[in-house]
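A quick write-up on the structure given underneath.
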Amino acid sequence: MTQSLLVVDLGLCPYDDAWAYQKRALAARISGELSEDLLILVQHPPVVTLGRRSKPDHLLASAESLEARGIQVRDVERGGDVTVHEPGQLVAYPIVDLKRHKQDLHWYLRQVEESIIRGLAALGLASTRVDGLTGVWRVDERGQRKLASIGVHARDWVTWHGVALNVSNTLATFDHTVPCGIDGVTMTTVAREFERLGLPGPSLGAVQEAVVRGFGEVFGLEIVPLATGLSLSDGN
């Protein structure tokens with residue numbers, strides 16, 4: 001029997017609200033209240049998140065000065081280094097029970113990358129991995145440019161946090177960080193890469209649909225969109 005991937009779209013949502021929603025979904029998936037895997041889709045207002053591997057010098061401005069510019073700064077549980085979110089970026093938080101798939105976080109990271117790679121390929125944009133670096137990249141004669149950043153965490157083999165794919169965002173918030181802690185990294189967007197190819201870029205909605213299909217294919221799950229959202233208890 002094919003299992004399902006429930007999909008909920010929170011739209012443009014403050015980071016703290018989506019973070020709290022993730023925590024409720026995580027608890028519900030662990031307890032069994034949520035019987036299927038869940039993919040949370042969202043865009044965030046400008047925010048810099050600091051993962052467990054973040055170093056102080058990877059934030060190029062103080063948290064206070066960033067907050068004064070309207071950019072939130074949050075310390076979070078996920079793996080990885082500094083990550084940026086801003087409008088126009090597609091953020092996906094898979095709440096996946098790896099006990100139903102494979103209890104291996106390295107395997108899971110590669111599956112998340114593959115979901116993005118397949119989604120972009122369906123839109124006509126080739127992307128790839130780079131050895132030794134997590135994420136999804138464009139690699140050509142101009143060099144390598146990063147399209148998507150990934151940072152995950154798991155509890156009782158249920159995943160949370162996830163992947164941020166630059167679609168049509170300005171990348172301005174990245175100027176205040178060393179993205180993912182990689183010196184000299186060049187960030188890019190789906191829109192910029194299509195422009196380099198002399199082609200019109202897809203809408204964020206089209207990218208979202210392609211990425212969701214990619215997740216369904218890679219994890220072998222039937223997509224079930226939730227038009228009315230999903231109510232989750234707070235676990236108390």
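Everything numeric here is computed off the predicted structure, so don't read it as measured data.
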query = Would Val47 and Arg74 satisfy side-chain contact (heavy atoms from CB on, under 4.5 Å), going step by step from the backbone distance to the final call?
reply = CA-CA 8 Å; Val47 59; Arg74 295 290 185 267; 4.3 Å; yes
inquiry  = Evaluate Thr128 against Gln144 for side-chain contact (heavy atoms from CB on, under 4.5 Å), listing each step before the verdict.
reply    = CA-CA 10 Å; Thr128 189; Gln144 59 190 40; over 6 Å; no
ask   = Which is it for Thr189 and Phe194 under the side-chain contact (heavy atoms from CB on, under 4.5 Å) test, yes or no, and what are the steps along the way?
value = CA-CA 9 Å; Thr189 68; Phe194 270 93; over 6 Å; no
request  = Go through Arg213 and Glu217 one step at a time and tell me if the salt bridge (Lys or Arg N to Asp or Glu O under 4.0 Å) criterion holds.
outcome  = CA-CA 6 Å; Arg213 287 195 300 270; Glu217 291 173 7; 5.6 Å; no
inquiry  = Walk me through whether Leu10 and Leu41 qualify under side-chain contact (heavy atoms from CB on, under 4.5 Å).
reply    = CA-CA 6 Å; Leu10 301 184; Leu41 304 172; over 6 Å; no
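Clustering ILVMFWY residues whenever any of their side-chain heavy atoms sit less than 4.5 angstrom apart, transitively, puts Val167 in the very cluster that holds Leu197. Leu109 and Val76 are not part of a single hydrophobic cluster, where members link through side-chain heavy atoms under 4.5 Å apart. At a threshold of 4.5 Å between side-chain heavy atoms, the hydrophobic network of Ile, Leu, Val, Met, Phe, Trp and Tyr places Ile116 and Leu133 in two separate groups. Linking ILVMFWY residues whenever their side-chain heavy atoms come closer than 4.5 Å, directly or via other members, places Leu39 and Val211 in the same cluster. Put simply, Tyr15 and Val42 are part of the same group of oily side chains (I, L, V, M, F, W, Y) that touch within less than 4.5 Å, one to the next.
The shortest distance between side-chain heavy atoms of Thr83 and Arg78 falls below 4.5 Å. Within the 4.5 Å cutoff, the side chain of Val96 has no heavy atoms near those of the Arg29 side chain. Residues Leu98 and Thr159 are in side-chain contact: their nearest non-hydrogen atoms beyond the backbone lie under 4.5 Å apart. At least one side-chain heavy atom of Glu86 sits less than 4.5 Å from a side-chain heavy atom of Phe174. Between His85 and Thr49, the closest side-chain pair of non-hydrogen atoms falls below 4.5 Å. You'll find the side chain of Ser4 stays beyond 4.5 Å of the side chain of Asp37, heavy atoms only. You'll find the side chain of His44 stays beyond 4.5 Å of the side chain of Gln72, heavy atoms only. Between Leu147 and Val190 there is a side-chain heavy-atom pair separated by less than 4.5 Å.
Judged purely by atom type and a 3.5 angstrom limit, Arg138 uses its side chain to pair as donor or acceptor with the backbone of Ala126. Using modelled atom types, no side-chain atom of Gln208 and backbone atom of Leu90 make a donor-acceptor pair closer than 3.5 Å. For the pair Gln111 (side chain) and His106 (backbone), a donor-acceptor distance under 3.5 Å is absent. Side-chain atoms of Asp9 do not come within 3.5 Å of backbone N or O of Val7 as any donor-acceptor pair. In this structure a side-chain-to-backbone donor-acceptor pair under 3.5 Å is missing from Ser65 to Ala61. For Asn166 (side chain) and Thr188 (main-chain N/O), a donor-acceptor pair under 3.5 Å exists by modelled atom type. With hydrogens and angles ignored, the 3.5 Å screen pairs a side-chain donor or acceptor of Lys99 with a backbone N or O of Asp156.
One finds no salt bridge joining Arg110 and Glu114 here, because no Lys/Arg side-chain nitrogen approaches an Asp/Glu carboxylate oxygen to under 4.0 Å.
The two residues Pro45 and Cys13 make their nearest non-hydrogen contact at CD-O, 3.3 Å. Residues Val163 and Ala148 come closest through the heavy atom pair CG2-CB, 4.1 Å. Among all heavy-atom pairs drawn from Leu60 and Thr177, the shortest one is CD1-O, 3.6 Å. Taking both residues in full, the closest heavy atoms of Ala206 and Leu123 are given as O-CD2, 4.1 Å, listed atom of the first, atom of the second, then distance. Between Gly162 and Pro94, the shortest heavy-atom contact is CA-CD, 3.9 Å. When all heavy atoms are compared, the tightest approach of Glu36 to Leu6 is CB-CG, 4.0 Å.
For the 3.5 Å distance criterion, the side chains of Trp137 and Glu113 fail to qualify, holding no donor opposite an acceptor.
Relative orientation of the His101 and Phe219 rings is perpendicular, given thresholds of 30° and 60° on the angle between their planes. Ring planes of His153 and Trp160: tilted class, angle from 30 to 60°.
Within a 6.0 Å radius of CZ in Arg52, other residues, nucleotides and ligands contribute more than 12 heavy atoms. Atom CD of Gln103 is surrounded by more than 12 heavy atoms from other residues, nucleotides or ligands within 6.0 Å.
Expressed to the nearest 0.5 Å, how far CZ of Arg145 lies from CZ of Arg192 amounts to 11.0 Å. Separation of atoms CD (Glu222) and CD (Gln3) is listed at 11.0 Å; rounding is to 0.5 Å. With rounding to the nearest 0.5 Å, the separation of CG in Leu38 from CG in Leu34 is 5.5 Å. Between Ile40 atom CD1 and Tyr21 atom OH the span is 6.0 Å, to the nearest 0.5 Å. Separating the CG atom in Leu59 from the CG atom in Leu66 is a distance of 5.5 Å, to the nearest 0.5 Å. Put simply, CH2 on Trp19 and CZ on Arg24 are 14.0 Å apart, with the number rounded to the nearest 0.5 Å.
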